[in-house]
Amino acid sequence: MNVRRTLKKNSDFRRLYARGKSAATPYLVLYCRPNRRAENRLGYTVSVKLGHAVVRNRVRRRLREIVRLNEPALKQGFDMVVVARGRSVNAPYRKLEASFLDACGKLGLLREENA
RNA sequence: AGAGCAAGCUGAACGACCGCGGGCACAGGGCGAAAGCCCGUGCAUGAGGAAAGUCCGGGCUCCGCAGGGCAAGGAUAACGGGUAACGCCCGCCAGGGGUGACCCUCGGACAAGUGCAACAGAAAUAGACUGCCGCAGCUUGCUGCGGUGAUGGUGGAAAGGUGGGGUAAGAGCCCACCCGUCGCGUGGAGACACGUGGACGCUGUAAACUCUAUCCGGAGCAACACCGUGGUAUGGGGACAUACAGGCCGGCCCGGCCGUCCCCAGGAGGUGGCUUGAGCCUGUCGGCAACGACAGGCCUAGAUAGAUGGUCGUUUUCAAUGACAGAACCCGGCUUACAGGCUUACUCUUCAU
RNA sequence: UGGGAUGUAGUGUAAUGGUAACACACCGGACUUUGACUCCGAUAUAGUGGGUUCGAGUCCCGCCAUCCCAG
């Protein structure tokens with residue numbers, strides 16, 4: 001994963017939570033906001049409430065993989081934060097992926113030819 | 001064969017496609033004066049036995065070592081050894097449990113002092129309710145005084161235990177045996193064991209205060225060092241002032257500081273620290289063992305919003321859609337969690353030879 | 001990373017190592033034509049597992065959960 005495409009600072013996350021548009025599904029919540037760049041920047045939030053370190057790592061890796069494999073279908077130029085909810089711990093991969101695409105569709109992030 | 005006990009090991013393997021971290025290489029591409037940076041390609045490599053909890057002990061770094069002393073506080077606790085050190089490990093002793101292999105025990109001192117021991121019981125560390133005995137009195141079966149812990153019920157614990165002698169009745173008052181403490185002798189490295197019978201017979205509790213012995217300066221990799229930004233606060237240095245009181249430096253004493261002026265440092269971000277170490281593997285030797293010595297070989301994550309994932313196939317399996325679980329400066333332990341599997345030694349019962 | 005605290009009826013709090021107390025709530029009963037008030041009664045694995053002690057909510061140790069503080 002390209003380092004420049006990840007959100008790292010706490011201030012970036014706070015700005016998205018406060019001013020970004022959001023879409024919720026049973027497994028995750030997606031925030032997004034235009035960033036005036038040529039590419040997308042992604043951030044992931046997996047709370048300590050979801051479980052111990054092994055569980056949190058697995059959830060974050062699956063979310064990252066979903067974003068990576070669906071990158072060609074997304075519009076560019078947005079900051080996005082994916083927040084995992086409690087049900088995503090035991091969710092099958094296919095349902096998580098469908099949930100992510102559903103949230104992107106609600107926010108209008110999918111390219112027209114793929115939507 | 002069944003049941004059990006102890007120690008140790010393991011914690012799926014292989015393959016395909018798409019991806020990730022750091023490392024090395026490149027006569028590849030881009031930027032740059034260069035150092036180098038970015039992209040690309042290739043190669044090998046990339047979480048645990050507990051990485052966990054953060055309960056002990058150390059390494060390392062800084063502060064303090066003009067700060068010192070005392071007090072306080074904390075930790076440990078049979079004995080011998082191992083270790084860098086430990087509250088850890090090994091061996092052994094004592095006590096307890098089990099037919100046995102074996103297992104369990106925060107195991108110094110209550111015979112220095114203080115405290116506590118509810119309820120019950122006459123009485124809780126020392127006083128006489130029922131009894132027994134003696135003396136005195138008189139109403140002749142009661143009263144008073146005294147002796148007695150042997151008897152009765154209580155209690156976790158009742159004044160060493162059992163038997164005999166003795167006595168008015170009794171009592172280690174005396175005797176025999178037993179138990180314990182101290183002393184002596186023998187064995188042992190020691191705790192201790194055995195013997196002896198000279199002295200003694202003392203409630204329990206120190207995970208109650210306390211005493212004894214030993215150890216402990218403080219903080220932590222967000223330490224710390226360097227580059228860099230640089231306005232206040234704040235910190236450091238120098239000069240001047242420094243009578244009393246008060247405050248601060250974790251308690252007390254000595255000691256230091258407090259105010260003004262000048263100079264310097266001082267909010268982003270980055271690099272190092274960062275993995276070669278009390279290291280791992282194999283063999284020989286010493287030791288009952290923990291462990292140690294020697295020889296040979298090996299280099300085995302180093303991230304910084306944090307790298308192992310996704311989709312499948314094959315094999316082993318009752319089960320592989322995985323038990324407990326993710327390095328964050330590094331080691332030695334402890335504690336706790338854990339699906340399943342394997343190995344070795346030993347014990348008991350039954351059967352066969 | 002370091003330090004500290006707490007866990008007791010459904011809830012909020014007490015108790016010197018010796019019968020777990022109080023208030024509110026809930027439940028049952030009494031009173032009332034009925035309800036409220038009032039009165040009576042009932043309700044506790046003491047977070048969990050061990051240990052010390054004659055005896056543990058209290059003392060000691062391990063674990064679990066929650067909360068707080070500093071960077």
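Keep in mind that what you see is a predicted model, and the values were worked out from it rather than measured. Chain naming here is simple, since letters A, B, ... match the order of the sequence lines and numbering starts at 1 in each.
- Remark: the separation of the C1' atoms in B:U54 and B:C43 is 41 Å, to the nearest Å.
- Across all strands shown, B:A25 forms a Watson-Crick or G-U wobble pair with B:U41, both key distances being under 3.5 Å.
- The separation between A:N57 atom CG and B:A307 atom C1' is 10 Å, rounded to whole Å.
- Remark: the separation of the P atoms in B:G11 and B:A6 is 24 Å, to the nearest Å.
- The nearest pair of heavy atoms linking A:M80 to A:C32 is CG-CB, 4.0 Å.
- Distance check on atom P: B:C257 versus B:U242 gives 14 Å, rounded to whole Å.
- When the salt bridge (Lys or Arg N to Asp or Glu O under 4.0 Å) test is applied to A:R58, no partner is found at least two apart in sequence or on another chain.
- Going from atom CG of A:L96 over to atom P of B:U311 covers 10 Å, rounded to whole Å.
- A search for side chain to side chain contact (heavy atoms under 4.5 Å, CB included) contacts involving A:R60 returns A:Y44, A:V46, A:N57, A:R64, not counting sequence neighbours.
- Remark: RNA chain C takes part in the stems C:1-7 with C:64-70, C:10-13 with C:21-24, C:27-30 with C:38-41, C:47-51 with C:59-63, each of 3 or more antiparallel Watson-Crick or G-U pairs, criterion distances under 3.5 Å.
- Of the C1' atoms belonging to B:G277 and B:C331, the separation is 8 Å, rounded to the nearest Å.
- B:G180 is paired with B:C200 under the criterion used here, namely a Watson-Crick or G-U wobble arrangement in which both key atom distances are under 3.5 Å.
- Base-pair partner of B:C110: not found among the strands shown (Watson-Crick or G-U wobble, both distances under 3.5 Å).
- Across all strands shown, the partner of B:C145 is B:G134, judged by Watson-Crick or G-U wobble contacts whose two distances both fall under 3.5 Å.
- For the pair A:F100 CZ and B:G310 P, the interatomic distance rounds to 17 Å; values are reported in whole Å.
- Residue A:R60 places at least one side-chain N or O under 4.0 Å from the OP1 or OP2 atom of B:A307.
- In terms of position on RNA chain B, the residue among A:R62 and A:V55 whose nearest nucleotide sits closer to the 5' end is A:R62.
- Contacts of A:R61 classified as side-chain hydrogen bond (donor to acceptor under 3.5 Å, both in side chains), with partners at least two apart in sequence or in another chain: none.
- In this structure, A:A98 has no side chain to side chain contact (heavy atoms under 4.5 Å, CB included) partners at least two apart in sequence or on a different chain.
- Closest of all the heavy-atom pairs between A:K21 and A:L107 is CB-CD2, 4.0 Å.
- At the phosphate of B:U308, OP1 or OP2 sits under 4.0 Å from a side-chain N or O atom of A:R61.
- In this structure, the side chain to side chain contact (heavy atoms under 4.5 Å, CB included) partners of A:A103, at least two apart in sequence or on a different chain, are A:A23, A:T25, A:L28, A:L30.
- Here the P atom of nucleotide B:G306 and the OH atom of A:Y44 are 9 Å apart, to the nearest Å.
- Nucleotides C:G47 and C:G57 place their C1' atoms 12 Å apart, quoted to the nearest Å.
- Applying the Watson-Crick and G-U wobble criteria (two distances, each under 3.5 Å), B:C5 pairs with nothing in any strand.
- Every residue two or more places apart in sequence or in another chain was checked for a side-chain hydrogen bond (donor to acceptor under 3.5 Å, both in side chains) with A:D102, and none qualifies.
- Straight-line distance from the CZ atom of A:R64 to the C1' atom of B:G21: 11 Å, rounded to whole Å.
- In B:U300 the O4'-C1'-N dihedral to the base is within 90° of 0, which defines a syn nucleotide.
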Inset, instruction - Report the C-alpha separation of A:R33 and A:F78 in whole Å, then their side-chain angles, then the decisive distance to 0.1 Å, and conclude whether the side-chain contact (heavy atoms from CB on, under 4.5 Å) test is met. - result: CA-CA 5 Å; A:R33 190 166 184 263; A:F78 289 91; 6.0 Å; no
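- With its glycosidic angle within 90° of 0, B:G49 is assigned syn.
- Distance check on atom P: B:C175 versus B:G198 gives 10 Å, rounded to whole Å.
- Pair check for B:G255 finds B:C249; Watson-Crick or G-U wobble, both atom distances under 3.5 Å.
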Could you pull out the protein-nucleic contacts involving nucleotides 15-18 of chain B (nitrogen or oxygen on both sides, under 3.5 Å)?
residue	atom	partner	partner atom	Å
B:C18	O2'	A:R68	NH1	3.4
B:C18	O2	A:R68	NH2	3.3

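- Looking at A:L63 and A:F100, their side chains never come closer than 4.5 Å, going by heavy atoms from C-beta outward.
- The separation of B:A85 from B:A75, taken at their C1' atoms, amounts to 15 Å, rounded to a whole angstrom.
- Taking A:Y31 as the reference, A:Y17 meet the ring-ring contact (aromatic ring centres under 6.0 Å, His included) condition, with sequence neighbours excluded.
- Of the nucleotides present, B:C18 is the one that pairs with B:G309 by Watson-Crick or G-U wobble criteria, both distances under 3.5 Å.
- When both distances must be under 3.5 Å, the Watson-Crick or G-U wobble mate of B:G272 is B:C224.
- B:A157 adopts an anti glycosidic conformation, its chi angle falling more than 90° from 0.
- Using atom P as the reference point in both B:G48 and B:G309, the two lie 13 Å apart (nearest Å).
- Taking syn as a glycosidic angle within 90° of 0, B:G172 qualifies as syn.
- Between the OH atom of A:Y93 and the C1' atom of B:C312 there is a distance of 13 Å, given to the nearest Å.
- Whole-Å rounding puts the A:R58 CZ to B:A47 C1' distance at 16 Å.
- Between A:E97 and A:R94 there is a salt bridge, since at least one side-chain N of the basic residue sits less than 4.0 Å from a carboxylate O of the acidic one.
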